There are 2 protein chains.
Amino acid sequence: MTDTAKDRSRPETRRGPSMADVAKLAGVSSQTVSRVSNERRNVDEATRERVLAAMRRLGYKPNRAARALRTGRFRSIGVITFTLSTYGNMRTLDAITAAAAEEDLTVTVIRIPDPTTGTVSGAYRRLSEQAVDGVVIIFEAHLLDQADITLPDDQPVVVVDSNAGDAYAVVDTDQELGARQATEHLLGLGHPTVWHIAGPEDSFSAHHRVTAWAETLRARGITSPLAMRGDWSTDSGYRIGRELAARPEVSAVFAANDQMALGALQALHEAGRDVPGEVSVVGFDDMPESKAFWPPLTTVHQDFAEVGRRCIEKLVHAIETKEHETGRALVPTRLIVRESTARYAG
Amino acid sequence: MTDTAKDRSRPETRRGPSMADVAKLAGVSSQTVSRVSNERRNVDEATRERVLAAMRRLGYKPNRAARALRTGRFRSIGVITFTLSTYGNMRTLDAITAAAAEEDLTVTVIRIPDPTTGTVSGAYRRLSEQAVDGVVIIFEAHLLDQADITLPDDQPVVVVDSNAGDAYAVVDTDQELGARQATEHLLGLGHPTVWHIAGPEDSFSAHHRVTAWAETLRARGITSPLAMRGDWSTDSGYRIGRELAARPEVSAVFAANDQMALGALQALHEAGRDVPGEVSVVGFDDMPESKAFWPPLTTVHQDFAEVGRRCIEKLVHAIETKEHETGRALVPTRLIVRESTARYAG
DNA sequence: GTGATAGATGTTTACGTGAACATCAGATTT
DNA sequence: AAATCTGATGTTCACGTAAACATCTATCAC
């Protein structure tokens with residue numbers, strides 16, 4: 001008469017063995033199983049072995065949800081981005097994932113709809129309900145507002161590609177250095193000025209590259225030509241490249257990324273303008289493909305792996321100490337000289 | 001004298017408001033809050049408004065961990081891959097992420113160490129402890145064994161780039177169709193035979209492309225030349241391209257991806273072999289950059305978005321029905337003819 | 001007017017874990 | 001030998017949620 005009051009709430013999901021099952025099999029309390037599971041040292045070696053054997057036998061796996069509920073930590077971070085289609089974003093995600101794995105952190109990708117298009121109703125919910133301990137945002141932070149999204153203010157945040165250094169911790173490639181290296185390289189080759197194919201307006205890295213390019217020219221007393229706006233795509237580079245090719249005075253072009261540089265290269269070829277004989281071209285990113293462009297592209301190398309590492313480092317620090325750190329951390333770039341640039345033959 | 005037995009376990013993590021807090025403020029039971037939170041209909045409109053107001057006021061957000069613990073569902077899927085550096089993998093992940101968002105699913109990226117190198121001790125743990133309802137694996141499934149990793153057999157799995165159609169549900173681009181389209185295109189142009197730059201041995205798509213290429217040749221009574229093995233990288237394409245360029249009898253090359261095709265293009269240029277005048281080249285993938293290669297690359301277009309959609313569709317079905325479905329779903333390819341191929345000039 | 005029905009809401013409970021506290025045996029100190 | 005300490009192990013409880021069950025109120029049929 002005692003075995004009636006059972007089978008209450010029982011979601012039909014078949015669950016795996018729990019600590020209690022392991023404990024019973026090993027003849028210990030479930031707390032001891034917990035200790036073994038968390039690799040605490042205060043467990044007798046013989047007992048530990050017995051528990052481990054029981055775990056293996058039952059195929060026990062800790063339940064992350066229960067663990068997270070108890071500890072308040074998910075051991076997971078979110079990476080928020082608009083798109084994975086640009087080389088830079090993809091490599092950044094790749095690097096963050098690698099660095100996160102080192103810290104035994106899981107990475108959740110959260111793609112939010114582009115704020116410039118369509119509705120974003122569900123996005124806020126998705127973003128703030130995530131089971132993550134912190135987030136890395138890969139785009140200009142002020143777009144968050146446009147996207148009608150608010151970050152939970154209690155959540156650690158690191159931003160890449162943003163000028164939000166006073167509000168958030170920012171890690172980024174030293175865009176300014178890279179743009180200067182590119183521009184000075186061309187100037188050093190004797191070119192009277194340098195034209196620029198810029199990235200989209202809402203990208204901070206694009207903005208910074210334009211600015212540094214113009215600044216470098218001005219420092220030499222050169223009035224900078226109008227920057228031409230692309231959108232990072234090869235197509236936009238091609239479109240702008242055609243305009244550039246039509247102007248005989250253009251002898252040096254700095255494109256804000258390799259993909260647009262490639263498009264420009266194509267336009268120049270089609271127009272019969274020799275690269276680097278007549279026109280020199282420099283890119284930015286150093287994609288693995290760039291060295292096989294025709295001609296092999298001189299470009300600015302970004303250390304994405306380092307950016308990823310720094311992001312995780314800062315984020316982990318913020319999560320552990322709960323300090324709301326701000327400021328920018330810059331990762332230096334390196335100019336890779338290949339064959340798309342040559343001395344001005346004016 | 002009644003307020004002594006509190007403040008027991010209290011992790012220092014500041015947590016947000018819970019359903020109980022909302023319930024108190026709204027003057028209802030927490031179960032009603034739960035009902036509102038889950039959008040059940042059996043709540044009076046006035047009550048719902050009151051609860052929603054209380055939620056907004058307190059900034060309430062459901063706790064995913066508690067929810068997952070209670071329901072046994074994480075509303076999350078894992079994507080397992082070795083690397084994000086190949087164009088195909090990256091695009092597949094991108095597509096899966098987009099499709100998952102439609103289903104309101106979160107995507108966790110799990111990068112496991114390459115099985116052919118180093119140790120993988122921690123990988124098993126990480127993989128099986130994930131808080132996911134199912135996984136998509138983006139690589140040849142038999143490598144899982146080599147990697148000393150076992151999938152929990154109770155977890156829904158969909159595999160991309162694998163021949164494991166009898167053990168798992170497989171979704172993939174129709175590699176065979178694509179390779180045939182490429183080869184037949186070249187043959188149709190009058191080339192006596194077609195050389196092939198293959199992908200790495202452990203890739204199923206690479207394997208399938210080689211086989212279909214050889215098969216297409218054989219069907220026409222042509223003995224296929226030896227396939228040359230690359231590793232998907234532009235560098236390997238370049239290396240093999242040099243070998244090919246040195247053989248005067250080579251007039252048509254089919255590369256297993258665009259990156260290797262690009263490398264081959266470069267080698268051919270350097271060797272002074274005109275493309276497509278002397279040698280025709282076809283790639284596979286249709287990266288956005290390919291149309292700006294020099295010359296613009298004829299290639300096989302893959303519909304990654306469709307692959308991603310199908311993966312999620314199958315996975316969601318498996319999660320909901322708990323049916324262990326197998327078999328292959330193939331997504332057709334499309335040949336994009338550009339300027340890297342021309343009629344055989346003998 | 002009485003009983004039946006449907007819908008809204010409340011109460012109780014368990015999901016699996018780990019922190020806090022309790023206990024107990026053996027080792028060490030005096 | 002009594003007192004003290006140390007390390008191993010057990011017991012209790014709460015984290016936030018949602019399923020199951022229990023009530024309670026208005027509406028309807030006859």
Side-chain angles (χ1 to χ4, degrees), chain A residues 4-51 54-55 58-75 129 131, chain B residues 4-51 54-55 58-75 129 131:
Chain A
T4 20
K6 43 172 53 179
D7 117 318
R8 205 68 184 306
S9 96
R10 189 185 44 184
E12 74 297 321
T13 315
R14 244 309 148 23
R15 302 204 181 188
S18 70
M19 292 204 315
D21 301 315
V22 175
K24 184 144 46 141
L25 180 58
V28 297
S29 74
S30 63
Q31 183 55 42
T32 297
V33 176
S34 170
R35 285 191 262 256
V36 171
S37 182
N38 287 294
E39 295 177 342
R40 300 248 186 280
R41 291 159 315 170
N42 55 344
V43 178
D44 188 78
E45 190 52 38
T47 310
R48 150 175 278 117
E49 287 303 334
R50 204 143 33 90
V51 171
M55 283 180 171
L58 295 174
Y60 168 77
K61 286 162 219 155
N63 180 313
R64 299 256 303 206
R67 201 171 253 185
L69 177 59
R70 189 65 184 83
T71 63
R73 290 282 170 77
F74 296 96
R75 293 217 61 77
E129 286 177 20
Chain B
T4 21
K6 45 172 53 176
D7 117 319
R8 204 67 184 308
S9 96
R10 189 186 45 186
E12 74 295 324
T13 315
R14 244 306 150 24
R15 304 204 181 186
S18 70
M19 291 202 318
D21 300 315
V22 175
K24 185 145 46 145
L25 180 59
V28 298
S29 74
S30 65
Q31 183 56 40
T32 297
V33 177
S34 169
R35 285 191 262 255
V36 171
S37 181
N38 288 294
E39 296 176 341
R40 299 246 187 281
R41 292 158 314 170
N42 54 343
V43 178
D44 188 79
E45 191 52 39
T47 310
R48 148 175 280 117
E49 288 302 333
R50 204 144 34 88
V51 171
M55 284 179 171
L58 295 175
Y60 168 78
K61 286 161 218 156
N63 180 313
R64 298 256 302 207
R67 199 170 255 187
L69 176 60
R70 190 65 184 86
T71 63
R73 290 282 170 79
F74 296 95
R75 293 218 61 77
E129 286 177 20

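Worth knowing before you read on, the calculation uses all heavy atoms, side chains too, and leaves out hydrogens, waters and symmetry mates. Letters A, B, ... mirror the listed sequences (proteins, then strands); counts begin at 1. These numbers were taken from a predicted model, which means no experiment stands behind them.
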Can you see if the side chain of [X] gets near the phosphate of [N] - specifically, an N or O under 4.0 Å from OP1 or OP2?
{"X": "T47(B)", "N": "dT9(C)", "value": "yes"}
{"X": "N63(A)", "N": "dC15(C)", "value": "no"}
{"X": "T32(B)", "N": "dA8(C)", "value": "no"}
{"X": "R73(A)", "N": "dT17(C)", "value": "no"}
{"X": "R67(B)", "N": "dG16(D)", "value": "no"}
{"X": "S34(A)", "N": "dG16(C)", "value": "no"}

Calculate the interatomic distance between [X] atom [atom1] and [N] atom [atom2]; express it in whole Å.
{"X": "R41(B)", "N": "dA6(C)", "atom1": "CZ", "atom2": "P", "value": "14 Å"}
{"X": "F74(B)", "N": "dT17(D)", "atom1": "CZ", "atom2": "C1'", "value": "14 Å"}
{"X": "R48(A)", "N": "dA8(D)", "atom1": "CZ", "atom2": "P", "value": "10 Å"}
{"X": "D21(B)", "N": "dC15(D)", "atom1": "CG", "atom2": "C1'", "value": "13 Å"}
{"X": "L69(A)", "N": "dA19(C)", "atom1": "CG", "atom2": "C1'", "value": "13 Å"}
{"X": "N42(B)", "N": "dA26(D)", "atom1": "CG", "atom2": "P", "value": "18 Å"}
{"X": "M19(B)", "N": "dT11(C)", "atom1": "CE", "atom2": "P", "value": "14 Å"}
{"X": "R75(A)", "N": "dT17(C)", "atom1": "CZ", "atom2": "P", "value": "17 Å"}

Practice problem: Using the closest heavy atom to pick a nucleotide of DNA chain C for each, name whichever of S30(A) or Q31(B) lands nearer the 5' end. | Solution: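 Of the two residues, Q31(B) wins.
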Self-check item: T47(A)-R35(A) side chain donor-acceptor pair, cut-off 3.5 Å
Solution: no
Quiz item: Will you find, in the side chains of S37(A) and R67(A), an N or O donor that is under 3.5 Å from an N or O acceptor?
Solution: yes
Self-check item: Check: D44(B) side chain, A46(B) main-chain N or O, donor-acceptor pair, under 3.5 Å
Solution: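 The answer is yes, because a donor-acceptor pair under 3.5 Å joins these two groups.
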Quiz item: Of all heavy-atom pairs between A65(A) and F74(B), which one has the smallest distance, and what is that distance?
Solution: CB-CE2, 3.7 Å
Self-check item: S18(B) or V43(A), whichever maps to the more 5' nucleotide of DNA chain D
Solution: V43(A)
Quiz item: With a 4.0 Å cut-off on heavy atoms, is D44(B) in touch with a base, just the backbone sugar-phosphate, or nothing at all?
Solution: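 Sugar-phosphate: the residue D44(B), judged by heavy atoms under 4.0 Å, touches backbone atoms but no base.
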Quiz item: To the nearest 0.5 Å, how far apart are OG1 in T32(B) and CZ in R40(B)?
Solution: 12.5 Å
Self-check item: Donor-acceptor pair under 3.5 Å, R35(B) side chain vs dG10(C) base
Solution: yes
